[in-house]
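Following: one structure in structure tokens, then a few remarks.
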Amino acid sequence: MAASPARERSASTGLLSIGQVLARLTPDFPDLTSSKLRFLEVQGIVTPSRTESGYRKFSASDIERLRIGLTLQRDHYLPLSVIREQLDEAAERGESASLLPPPSITPAPRRYRRDELLAAAGAGPQLLNDAISTGVIVAQESYPETVLTLLRGLVALDRHGIEPRHLRSLRQGAEREVALIESAMSALLRRTDTASRAKASELAPELVGKIDEVRSLFIKDALSRILS
């Protein structure tokens, strides 16, 4: 049975519709749209209530979370997952989201110059040169933590005679797996709506995990034949 207009008005007293939220926030965030609002809901930045007819209704605290979250994303380029965690932690402490510490004190991801990378990984210059020349590592002016982890792995493998050139096929295999995942998600990737993009972002790591499981089983099976 449809909710009566009176009940809808009573349930939403003091709350704002999507249109009212946009009217309040778009002066500061002109790129904000109803689609982005729904995407922010999917990402957990805000959780509006619903009327019996299914319409979203936003409270004052919802507006505050949106304003702070959009500011952190626009001015400090923080990923939504980090923004959500900070907002949730503030809520658990019973603090206003506006009391969050300035994002400028959040350390930026560490990057390493070539000499720093070699020292941190305990690698020799030739090993890094070989990794770059074989395409296992891409040459850069500075390197992220992921490359440091990779180089440490290469150092450990090199001790057993496994050189970067031996791992070129692994890099190529990874690229083929990405192409396989991209093909599996092609229907989602062709869509431009935020819900499809959000679903693709959730599906990709799931597919990666399943491929890792299958690859691990293949390797264990092959090793069992060698060791038996």
Side-chain angles (χ1 to χ4, degrees), residues 35-36 39 42-44 73 76-85 106-228:
S35 294
K36 184 167 184 179
F39 179 69
V42 171
Q43 296 301 310
Q73 186 183 41
H76 303 282
Y77 310 104
L78 292 183
L80 289 177
S81 59
V82 173
I83 294 173
R84 183 186 64 247
E85 290 174 2
T106 303
R110 173 73 189 275
R111 296 189 70 88
Y112 300 82
R113 299 191 309 272
R114 177 185 169 90
D115 58 330
E116 294 173 331
L117 180 71
L118 292 172
Q126 190 58 50
L127 181 63
L128 179 56
N129 290 341
D130 290 346
I132 292 173
S133 65
T134 56
V136 174
I137 290 177
V138 177
Q140 304 174 55
E141 290 187 4
S142 62
Y143 297 88
E145 290 280 353
T146 52
V147 174
L148 173 59
T149 301
L150 174 56
L151 187 56
R152 283 172 173 164
L154 296 180
V155 169
L157 292 173
D158 187 61
R159 297 192 187 106
H160 299 279
I162 301 177
E163 303 173 15
R165 60 189 176 90
H166 299 138
L167 302 174
R168 181 185 302 171
S169 61
L170 291 182
R171 180 85 184 200
Q172 295 169 341
E175 292 173 355
R176 288 193 296 269
E177 290 174 5
V178 170
L180 185 64
I181 292 172
E182 183 180 13
S183 176
M185 298 193 306
S186 59
L188 287 173
L189 295 176
R190 282 196 297 268
R191 302 172 187 167
T192 58
D193 60 286
T194 53
S196 295
R197 289 291 173 174
K199 187 173 181 180
S201 297
E202 294 175 359
L203 180 58
E206 291 180 13
L207 293 175
V208 170
K210 293 303 179 183
I211 289 176
D212 282 343
E213 290 178 12
V214 172
R215 185 195 309 108
S216 178
L217 290 172
F218 286 160
I219 293 173
K220 289 178 180 178
D221 183 59
L223 279 175
S224 66
R225 292 197 300 271
I226 292 173
L227 299 174
S228 60

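Positions are given from 1, in the same order as the sequence printed here. Hydrogens, waters and symmetry mates play no part in the numbers below; they use all other heavy atoms, side chains included.
- In this structure, the side chain of R114 does not engage the main chain of S142 through any donor-acceptor pair within 3.5 Å.
- Taking the side chain as every heavy atom from C-beta outward, I132 and V138 never approach each other to under 4.5 Å.
- Here CG of L203 is found 6.5 Å from CG of L188. Values are rounded to the nearest 0.5 Å.
- Between the side chains of E116 and Y143, not a single donor N or O lies within less than 3.5 Å of an accepting N or O.
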Problem set entry | Check against side chain to side chain donor-acceptor pair (under 3.5 Å), R111 and Q140 | CA-CA 10 Å; R111 296 189 70 88; Q140 304 174 55; 3.0 Å; yes

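- Formation of a donor-acceptor pair under 3.5 Å by the R171 side chain with backbone atoms of V136 is found in this model.
- Both tests hold for R110 against Y112: distance to the six-membered ring centre under 6.0 Å, angle to the ring axis within 45°.
- Judged by distance alone, the side chain of S183 and the main-chain N or O of A179 form no donor-acceptor pair under 3.5 Å.
- I219 contributes atom CD1, which lies 12.0 Å from atom OG of S224 (distance to the nearest 0.5 angstrom).
- For the salt bridge (Lys or Arg N to Asp or Glu O under 4.0 Å) condition, the pairs that include at least one residue of residues 214-228, sequence neighbours left out, are E177-R215, D212-R215, D221-R225.
- Atom CZ of R168 and atom CG of D130 lie 10.5 Å apart (nearest 0.5 Å).
- The environment of CD in Q126 is crowded: more than 12 heavy-atom neighbours from other residues, nucleotides or ligands sit within 6.0 Å.
- R191 CZ to S186 OG: the interatomic distance, rounded to the nearest 0.5 Å, is 10.0 Å.
- With hydrogens and angles disregarded, no donor-acceptor distance shorter than 3.5 Å links the side chain of H160 to the backbone of L157.
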Exercise. Run the side-chain contact (heavy atoms from CB on, under 4.5 Å) check on L154 and I137 step by step: do they pass?
Worked result: CA-CA 10 Å; L154 296 180; I137 290 177; 4.0 Å; yes

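- Taking the side chain as every heavy atom from C-beta outward, L170 and L167 approach each other to under 4.5 Å.
- What you find for V155 and A121 is that their closest heavy atoms are CG2-O, 3.7 Å.
- Taking CG from L180 and CE from M185, the interatomic distance works out to 10.5 Å, rounded to the nearest 0.5 Å.
- Between Q73 atom CD and L80 atom CG the span is 4.5 Å, to the nearest 0.5 Å.
- L127 places none of its side-chain heavy atoms less than 4.5 Å from the side chain of L118.
- Within a 6.0 Å radius of CD in E182, other residues, nucleotides and ligands contribute 12 heavy atoms or fewer.
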